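What follows is a set of notes on a single structure, which appears directly below.
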Amino acid sequence: TNFPAGGAATNVVGKVSKVDVSGNHLTIKTADGASVTATIERPSEIKQVPAGETNVKNAVIITIAQVTVGDNAIIRGKYVSETAFQAQQV
């Protein structure tokens, strides 16, 4: 996992391995096998690209309750520790 110094904004890419609706957390398993828990705070939007769609401009806004384990995810934000991430965009 890339843990940038100084709180620089970066992306976490992987598959959703856990959804915590009440806590507003998504846990992402990255390609290197690391698990990163992202806190989704309002007003962060979660956008989903519909199945078969190839243009991210056609993404729709969903709630955290609509995210499912196994979904691919790209989360933009900042690491607050080696395994915790503050999401700005999902």
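As the structure is a prediction and not an experimental result, all values here were calculated from the model.
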Which heavy atom in Q48 sits nearest to a heavy atom in D71, and how many Å separate them?
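Nearest pair, atom of Q48 first, then D71: NE2-OD2, 4.3 Å.
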Ignoring hydrogens, what is the shortest heavy-atom contact between V12 and I28? Give both atom names and the distance.
CG1-CG2, 4.0 Å
Can you tell me how far apart [atom1] ([X]) and [atom2] ([Y]) are? Round to the nearest 0.5 Å.
X: T37; Y: H25; atom1: OG1; atom2: NE2; answer: 7.0 Å
X: I62; Y: I64; atom1: CD1; atom2: CD1; answer: 9.5 Å
X: I40; Y: E45; atom1: CD1; atom2: CD; answer: 12.0 Å

Flag the pair [X] / [Y] as yes when at least one side-chain heavy-atom distance between them is below 4.5 Å, and no otherwise.
X: K29; Y: V16; answer: no
X: V19; Y: L26; answer: yes
X: V80; Y: F85; answer: no
X: I61; Y: I46; answer: no

Got a sec, which residues hit side chain to side chain contact (heavy atoms under 4.5 Å, CB included) with N11, two or more places apart in sequence or on another chain?
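Side chain to side chain contact (heavy atoms under 4.5 Å, CB included) check on N11 returns V13, I74, R76.
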Who pairs with E53 by side chain to side chain contact (heavy atoms under 4.5 Å, CB included), at least two apart in sequence or on another chain?
V49, P50, N55, N58
Heavy-atom donor-acceptor pair, T27 side chain to S17 backbone, under 3.5 Å
no
